[in-house]
Protein chains: 2
Amino acid sequence: MIDRTDREILHWLKQDARMQWKEIGEKVHLTGQAVAARIRRLEEMGVIEGFTVKLDQAKLGHPITALVTVFMKSSNHRALWQFLADHPMVEEAYRISGEGCFWLKVSASSQKELNHFLDDVLRYGNYRLNLSIEKIR
Amino acid sequence: MIDRTDREILHWLKQDARMQWKEIGEKVHLTGQAVAARIRRLEEMGVIEGFTVKLDQAKLGHPITALVTVFMKSSNHRALWQFLADHPMVEEAYRISGEGCFWLKVSASSQKELNHFLDDVLRYGNYRLNLSIEKIR
DNA sequence: TATGAAATGCAATAGTC
DNA sequence: GACTATTGCATTTCATA
């Protein structure tokens with residue numbers, strides 16, 4: 001279904017998603033064509049969801065990374081779900097187990113922008129805020 | 001320093017990091033070469049940290065995503081820092097403000113594997129655990 | 001599911017503005 | 001910084017095992 005070679009290919013793609021099929025092929029002892037076929041299959045299977053860039057948010061003018069836990073007061077999960085799914089400041093969002101909570105990673109250009117976001121969140125529930133002071137990974 | 005066109009390029013790369021320079025060029029009204037030059041510059045500036053794949057961890061045999069907050073008991077931050085920076089299950093880790101804490105996103109293949117990880121974390125401090133029950137973004 | 005050969009087309013480089 | 005023209009090489013496709 002998904003063998004050791006597939007995992008090796010994913011390993012290299014994780015390091016550099018623009019690596020050439022041929023180059024990956026040399027690393028995993030396959031031709032570029034075989035690598036291309038495997039990657040196509042992994043995409044079709046949904047194992048590979050897509051290819052992206054890792055960006056330095058601070059250098060893009062978003063120096064604030066906030067880790068937010070939201071505690072719902074109402075049971076109107078759906079509305080918050082949609083709010084989070086659409087909001088441009090939300091980089092990651094999870095529904096989590098426990099007292100009807102969500103967990104978010106939010107990127108902000110200023111304290112003011114973050115405050116405004118949090119005010120919007122307050123319409124749905126309370127929150128606990130943690131600010132990142134260093135990104136480890 | 002970093003203009004509107006750069007941001008547009010980043011926007012397209014975020015959607016598909018393997019999009020061809022030429023194709024991006026058509027979208028932002030530039031030649032492929034001009035796009036390549038800008039991307040090279042953005043990499044040198046460190047705005048682009050790299051190119052990666054988005055993977056479906058569940059389909060790779062890691063159905064559990066845990067969001068963990070660590071509260072240090074000692075002040076031996078450095079040791080935990082290193083532990084987190086190296087550990088293969090840790091997908092993201094941040095030093096956060098407040099009571100000497102870290103925040104982590106951890107991927108696990110089983111409850112047992114997660115428990116083992118958490119036991120290791122206990123050497124450094126206490127933790128609060130939340131399990132993801134749905135990935136929103 | 002892999003390879004080898006052929007056709008296509010992108011990327012890299014150099015030169016110009 | 002961007003464009004055009006040229007060259008080199010990866011990707012794609014197809015036939016084959």
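Quick note: numbers below take in every heavy atom, side chains included, and nothing from hydrogens, waters or symmetry partners. Proteins get letters first, then strands, A, B, ... in listed order; numbering begins at 1 in each.
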Would you indicate, yes or no, if C/dT3 has its OP1 or OP2 atom less than 4.0 angstrom from a side-chain nitrogen or oxygen of A/Thr31?
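Yes, such a contact exists.
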Show the numbers, then the answer: is there a salt bridge (Lys or Arg N to Asp or Glu O under 4.0 Å) between A/Lys105 and A/Glu92?
CA-CA 5 Å; A/Lys105 188 171 85 179; A/Glu92 289 183 72; 3.3 Å; yes
Is the number of heavy atoms from other residues, nucleotides or ligands within 6.0 Å of NE2 (A/His11) greater than 12?
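Count over threshold, so yes.
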Could you check whether A/Lys54 pairs with B/Glu49 (Lys NZ or Arg NE/NH1/NH2 to Asp/Glu carboxylate O, under 4.0 Å)?
no
Should the pair B/Arg38-B/Asp3 be classified as a salt bridge under the 4.0 Å nitrogen-to-oxygen rule?
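A salt bridge is present here (some side-chain N lies under 4.0 Å from a carboxylate O).
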Measure the distance from [atom1] on [X] to [atom2] on [N] and round it to the nearest whole Å.
X: A/Ile24; N: D/dA10; atom1: CD1; atom2: C1'; value: 12 Å
X: A/Glu44; N: C/dT1; atom1: CD; atom2: P; value: 11 Å
X: A/Arg38; N: D/dT12; atom1: CZ; atom2: C1'; value: 19 Å

Stepwise side chain to side chain contact (heavy atoms under 4.5 Å, CB included) check, A/Val28 with A/Trp12
CA-CA 9 Å; A/Val28 304; A/Trp12 292 112; 4.2 Å; yes
When you check every protein heavy atom under 4.0 Å of nucleotides 5-17 of chain C, what one-letter string (B, S, -) results, 5' to 3'?
B----SSBB----
Considering all heavy atoms, the nearest B/Ser110-B/Ile64 contact:
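Here B/Ser110 and B/Ile64 meet closest at C-CD1, 3.4 Å.
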